[in-house]
Amino acid sequence: MTLPVSTSGSEQWDGEGTPGRHNVTFHAEYAWIGGRVVGDVLIDVVDGRFATITPGAPESTATRLRGLVLPGLANAHSHAFHRALRGRTHAERGSFWTWRDLMYSMAAKLDPDSYYALARAVYGEMALAGITCVGEFHYLHHGPDGTPYEDPNAMGAALIAAASEAGIRITLLDTLYLTSSVDGAPLEGVQRRFGDGDFAGWAARVERLEAGPHARIGAALHSIRAVPTKYLGALAGRSPLHLHLSEQRAENERCLAVHGCTPTDLLRRYGVLGPGTTAVHATHLTDADIKMLGDTAPASASVPAPNATWPTASARPARSPMRAAPLSLGSDSQAVIDPFEEARALEMDERLASQERGRFAAGELLTAAANHAALGWADAGAIVMGNRADLVAVSLDSVRTAGVDPEQAVFAATAADVTHVVADGRLIVADGRHTGFDVASALRAAVTR
């Protein structure tokens, strides 16, 4: 498989980690800066970073960005290949586990070429939604029977190339996945694609991954059912490190039976939780679990919108894990790719649980939606000088946003209201269309294939 070099927006990455391009100046009608909306902001970009930011500037020959301009948004938890299941899993009733059977059947069909095509289209859809960086929780490593490809990182390389073509950054969270149950049952069926035999095999393969200037390599612990306790300590201190935590009650119950503690406590005992860790889902935490998370100061608690799609979802308020860590958001199974809908879901779930409104302010939701630090990109997610020049223009003239207070646009807008997206100073979405390729056609072709 020969993967292309990025040509999205007709520009390529240089060797310094920023896009090689001329300087550019934008004029934002409104911009979210320092936790509030500021009008008429002149934004100078040099070498893909914010050089100067001037509020109250008169209109000029700069590229005009109408509506509300936000920092680039971060998708902290993605399984790109799940996008092929959208609209195909609702024919019958079922559970998370019956859905997983359908997901496994999809996982069995992919190879590096088809995965690249699908991921390129999915990342293009993310760009259209205002996402400028994705955390790809990647465990589809090997061939259908578990045999490594000639390049054992061919599937990961496909994802890295796909993000480049879509014009967004990627943190490839290469996932350790060795067993199929909490008590250590071996991988079977399509799960054999996920495993590397042991920790040493996984670590050796990850060491050979080549990132590229738009990409970083992180690690993921799939779950406590997928990694034996003898390897947990070896993951301590890695950053970024993401993990599925207490997503299912059945997993919690099995952990208590086998280890005599909750998954959170098990990970704490082995030093896995820490400043570089992101706990994904955290759906079924006890009060003691929440305190443990707070005591270990994790990087974030990722709350993907699909939390609410499983019949095992918890009614625990989202603010409970927020007391323990900053929040981040993710599209997870790609049932929907819309950071605004995900952000609003935090507030809506809180209202149901607390019977109160205004549990999350607009600024808190936008901070969660733009949490690039959870993916290892601390120099992104805010419009401040020196940061990576990521911008998302949101229309204030659509049927959803017309007449809204720009300060509260996050409560009204959807991904369909994103008109322009700039990533590292490059325009990757203009007038609601990707500048590199037709995303809808690419999705149709990749899913059909």
Assess the side chains of N371 and S328: does a donor N or O sit below 3.5 Å from an acceptor N or O? no
For Y104, what residues pass the ring pair (Phe, Tyr, Trp, His ring centres under 6.0 Å) criterion, not counting sequence neighbours? F194
Centroid-centroid under 6.0 Å between H244 and H242 rings: no
Less than 4.0 angstrom from a charged side-chain N to a carboxylate O is my criterion; do D287 and K291 meet it? no
Working note: D417 + T401, criterion side-chain hydrogen bond (donor to acceptor under 3.5 Å, both in side chains); need CA distance, chi angles, decisive distance, verdict. CA-CA 8 Å; D417 296 311; T401 60; 4.6 Å; no
Pairs involving residues 83-93, ordered by first then second residue, that meet side-chain hydrogen bond (donor to acceptor under 3.5 Å, both in side chains) (sequence neighbours left out): R83-E125, R86-E125
Under 3.5 Å, is there a donor on one side chain and an acceptor on the other for D379 and H372? no
Parallel, tilted or perpendicular for Y139 and F81, by the 30°/60° rule? perpendicular
Is the W99 ring parallel, tilted or perpendicular to the H82 ring (thresholds 30°, 60°)? perpendicular
For residues Q334 and S78, is any side-chain donor paired with an opposing acceptor at under 3.5 Å? yes
D101 and T98: side chain donor to acceptor below 3.5 Å: no
Expected list for residues 58-68: side-chain donor-acceptor pairs under 3.5 angstrom, two or more places apart:
residue	atom	partner	partner atom	Å
S60	OG	A62	N	3.2
R64	NH1	H27	ND1	2.3

When you compare the side chains of T367 and E364, does any donor N or O come within less than 3.5 Å of an acceptor on the partner? no
